[in-house]
Structure formats: C-alpha cells, structure tokens
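Here is the structure we will look at, set down as structure tokens.
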Amino acid sequence: MTTPNPPFPVSDLARFHEEVLGWFDDAARDLPWRRDASPWAVMVSEFMLQQTPVARVLPVYAAWLERWPTPADLAAEATGEAVRAWGRLGYPRRALRLHAAAVAIVERHGGEVPHSREELLALPGVGDYTAAAVESFAFGGRAVVLDTNVRRVFARVVSGVQFPAAGVTAAERELATTLVPVADAHRWAAATMELGALVCTARSPRCEECPVADICRWRAAGFPAYDGPARRGQAWDGTDRQCRGRLLALLRDAPGPVEKASLDAVWPDAKQRERCLDGLVADRLVEPVGDDSFALPGHRPR
DNA sequence: AACCCGTGGTA
DNA sequence: TTACCAAGGGT
C-alpha cells in the first residue's frame, strides 16, 4: 500500500472508527460462528473460509461441528473422513491441516484451542491471518486482522488506491496497527472485514451505502484505477488442479476403494493423470489400497 | 517472491 | 461468455 499523500487526517480516524463500528451494529450478518461459537468452532470457520465464500461454507460448517464438536472428536477420526466431509469447499489440503491442527491441539494443549499468537501460528494450516482471526474472534484479543477485505478497505479509505499490493508489506501492517482503536479492537476487526465483504467489494463497491464515503481517499481522488503490476489470473482448464479435483471427487463420492480403471476414466491425459494421482498420494489426500485401487486415507493418525 | 493448491458464483 | 474473485497457507 502506498503512503497516503496528503496523509489520512487524524480527525478522520475517529470518524472512521465511529462510523464503521456503528454501521456494523446494524449491518453485521448473523453468521453461526458469530453466535457464541466455541474457539474450536471459530477455528473451523476460519479454515473453511480461507479462499471459500461464506455461502458455500455454511452447510459444511454446520455438519462438521455437529459431527466433531471438539478438537478431540476430530483428532480421533480418520483423516480421510475429514477430506470426505470437506466436500466441495476446495483446497482439500485444508481438511488435512485442520485435522492435523486438531491432533496438535489435543497433544500440546490438552484439547483446548490455545490463546497465544505463537502457539496458534505453530498449528498446521494457521498463518498470520488465521492466528489473528482466532485471537480476535474467539478470544476477543487485540490482533491486527489483515484479510483481503480489510486490506482493500484500508487501501481505499486511507491510502486512496483501488487495491492493495500483492503481498502484505511491513508498512501496510504498521498502518493497520495504528488504525486499531483503543477500545473494541475485536469488533473493529469484524467490522472492517464486514465492510469489505458487503460494501467495499472488489468489483462493484456500493459507495452510496458506505458509512465512510465522505472520508474515503480513493473516492476523493476520483476512483483512480489500479495501476500496479498485473495480477495473474488463475488458469483452470487442463491444469493439474482440475485433474486432481476430478480424481479426488470420484474418491470422495465413492463409499470405499475405487479401482484404478475408474480413475483412469476421469482424465484423458495418462501422463498428467499419473502425476496428479502420485501427487495426491504424496500429499496424503489419497492412499493406495491393495494392488489396483485407491481410497481416501482410512488410517487413524499415529 | 512466485507459484501451487479447488470450486463455483458473478459482473 | 469469460474473467475475476473468494475470511490464505505452505514452500
């Protein structure tokens, strides 16, 4: 994020806090992980929400927590069951990491989700964002929560640009730190995220509904278009990801092991297919069964 | 730092 | 229709 010029006026900061927090009181969605959810439930939601929209997470989240209400419940389960229950949320390695995080929570933290940033970051699948989100949403901590929504809101309102840079810079983190209000840090995190999700959206921002339109530096500058390096698109047709998705979908939808011949039928390019199947096995998303079949991993951890 | 990893909704 | 995009993490 570039340095604002002129800088974001200090007088606007108080209004930023007041308006966004006030807007959140009325506009916040009633999401299940916001209704006195346990720390584990918050963690489950955060894993599922990594790169997956809320609407698709909702049903899987509900089923998941009904089946595995605590880390110990999931930790005692076969990893393949986690992959199956993950369904079509995408990036199924997240299911494996969530399972591994549950095992680590049982082994290292007596089955309770840890509070500290350091302990959270040490869990599989927990990076800067997720650690901050759990600190903030599960425990009411003062973490600096920087997700794609918050970054976009700050880029626009404070820095006056359409989109933030590709990666979080030290300056951006510092700026975000200075923006956290003295009181209500965890509500600030949720509120700025919600504003980005509902109003200050990536493609068609609803500025007419925005509580801070009058102090928005991007708007004041006339909505200048993003002028940074081109953001690479995500190719899909013919990629290994598509191939892996097809293979795993077949295994997920089957009650037990699937013969190699059936897997061969879902992807025409034999060389790529073999590479992807090997990759899935290497990733522990799939395991060989007998001589000529494959299945989701059926073994218990340890 | 750049690239890999799924899936489906939307403008 | 085709890109873009979504509460990122690991390497």
Side-chain angles (χ1 to χ4, degrees), chain A residues 28-29 31-34 37 41-61 83 86-98 100-101 120-138 143-153 162-170 186 188-198 200-206 226 228-253 266-267 275-276 279-280 282-286:
Chain A
R29 290 168 291 179
L31 300 171
W33 44 88
R34 288 177 178 165
V42 171
M43 179 171 280
V44 168
S45 78
E46 292 303 339
F47 270 74
M48 291 183 174
L49 288 163
Q50 291 169 3
Q51 298 285 283
T52 301
V54 167
R56 266 196 293 147
V57 164
L58 289 171
V60 182
Y61 168 86
V83 173
W86 197 255
R88 305 186 69 80
L89 289 182
Y91 292 143
R93 292 193 289 193
R94 290 182 291 162
L96 247 29
R97 292 182 187 138
L98 181 52
L120 287 166
L121 279 173
L123 298 174
V126 177
D128 279 328
Y129 164 75
T130 302
V134 172
E135 270 188 273
S136 185
F137 305 145
V144 176
V145 180
L146 271 184
D147 81 318
T148 187
N149 292 303
V150 175
R151 296 188 65 214
R152 188 174 54 249
V153 168
Q162 186 178 20
F163 296 117
V168 178
T169 63
H186 70 283
W188 172 250
T192 48
M193 199 177 295
E194 194 79 335
L195 187 66
L198 299 182
C200 195
T201 57
R203 282 199 248 181
S204 304
R206 300 169 173 82
Y226 175 78
R231 292 169 297 169
R232 64 187 191 293
Q234 307 176 31
W236 179 246
D237 280 339
T239 60
D240 282 6
R241 294 158 83 183
Q242 185 184 29
C243 179
R244 287 167 57 108
R246 292 251 187 98
L247 293 168
L248 200 58
L250 184 62
L251 294 167
R252 212 169 38 220
D253 297 339
V266 305
W267 195 262
R275 178 175 72 239
C276 289
L280 288 169
D283 289 345
R284 305 281 187 179
L285 282 163
V286 172

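Quick note on labels: first sequence line is chain A, next is B, and so on, each numbered from 1.
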Using whole Å, what does the distance between atom [atom2] of nucleotide [N] and atom [atom1] of [X] come to?
X: F47(A); N: dA6(C); atom1: CZ; atom2: C1'; answer: 18 Å
X: M48(A); N: dC5(B); atom1: CE; atom2: P; answer: 22 Å
X: L58(A); N: dA7(C); atom1: CG; atom2: C1'; answer: 12 Å
X: R246(A); N: dG6(B); atom1: CZ; atom2: C1'; answer: 13 Å
X: Q50(A); N: dG6(B); atom1: CD; atom2: P; answer: 13 Å
X: L96(A); N: dG9(C); atom1: CG; atom2: C1'; answer: 14 Å
X: L89(A); N: dG9(B); atom1: CG; atom2: P; answer: 13 Å
X: W86(A); N: dG9(C); atom1: CH2; atom2: P; answer: 12 Å

Phosphate contact (dG8(C) OP1 or OP2) by Q51(A) side-chain N/O below 4.0 Å: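 The answer is yes; a side-chain N or O of Q51(A) sits under 4.0 Å from OP1 or OP2.
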Do the side-chain N or O atoms of R94(A) get closer than 4.0 angstrom to the phosphate oxygens (OP1, OP2) of dC5(B)?
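No, R94(A) has no side-chain N/O under 4.0 Å of OP1/OP2 on dC5(B).
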message: What's the gap between dA7(C) and dC3(B) when it is taken at their P atoms, as a whole Å value?
response: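 Roughly 24 Å separates the two P atoms.
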Pick the P atom in dA3(C) and in dG6(B), then give their distance to the nearest Å. 22 Å
When we call it a touch if two heavy atoms are under 4.0 Å apart, what does [X] touch: a base, just sugar-phosphate, or nothing?
X: L280(A); answer: nothing
X: T130(A); answer: sugar-phosphate
X: G127(A); answer: sugar-phosphate
X: T201(A); answer: nothing
X: R244(A); answer: sugar-phosphate
X: L248(A); answer: nothing
X: D283(A); answer: nothing
X: A133(A); answer: nothing
X: R152(A); answer: sugar-phosphate
X: W33(A); answer: base
X: T52(A); answer: base
X: V145(A); answer: nothing

Please tell me which of the listed nucleotides, [options], lies nearest to the side chain of [X]?
X: Y91(A); options: dG6(B), dA7(C), dG9(C); answer: dG6(B)
X: M193(A); options: dA11(B), dA7(C), dG8(B); answer: dA7(C)
X: R93(A); options: dA7(C), dG8(B), dG9(C); answer: dG9(C)

By nearest-heavy-atom nucleotide on DNA chain B, the more 5' of P92(A) and R206(A) is P92(A)
Sorted by position of nearest nucleotide on DNA chain B, 5' first, the leading residue of T239(A) and R203(A) is T239(A)
Side-chain donor/acceptor of R94(A) to backbone N/O of M48(A), under 3.5 Å:
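Yes, because the side chain of R94(A) sits within donor-acceptor range (under 3.5 Å) of the backbone of M48(A).
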Checklist entry - If only atom types and distance count, is the side chain of T192(A) paired as donor or acceptor with the main-chain N or O of A189(A) below 3.5 Å? => result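 The answer is yes, because a donor-acceptor pair under 3.5 Å joins these two groups.
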Given DNA chain C, 5'-ward residue of the pair D147(A) and R97(A), judged by closest heavy atom: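 Residue closer to the 5' terminus by nearest nucleotide: D147(A).
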If I take atom CG from residue D253(A) and atom CZ from residue R88(A), how far apart are they, to the nearest 0.5 angstrom?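 Result: 7.0 Å between the selected atoms.
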Would you check if F163(A) and R151(A) make a side-chain contact, meaning some heavy-atom pair closer than 4.5 Å?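 With C-beta onward as the side chain, the pair stays apart.
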- For residues Q50(A) and Y91(A), determine if any side-chain heavy atom of one lies less than 4.5 Å from a side-chain heavy atom of the other. no
message: Tell me whether the side-chain N or O atoms of R241(A) pair up with the base of dT7(B) as donor and acceptor below 3.5 Å, since no angle test is needed here.
response: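 Flag unset: no donor-acceptor pair detected.
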Exercise. Given Y129(A), which of L146(A), L49(A), V145(A), T148(A) fulfils the side-chain contact (heavy atoms from CB on, under 4.5 Å) condition?
Worked result: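 Result for side-chain contact (heavy atoms from CB on, under 4.5 Å) with Y129(A): V145(A).
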inquiry  = Please report whether the ring centroid of W33(A) lies less than 6.0 Å from that of F137(A).
reply    =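 No.
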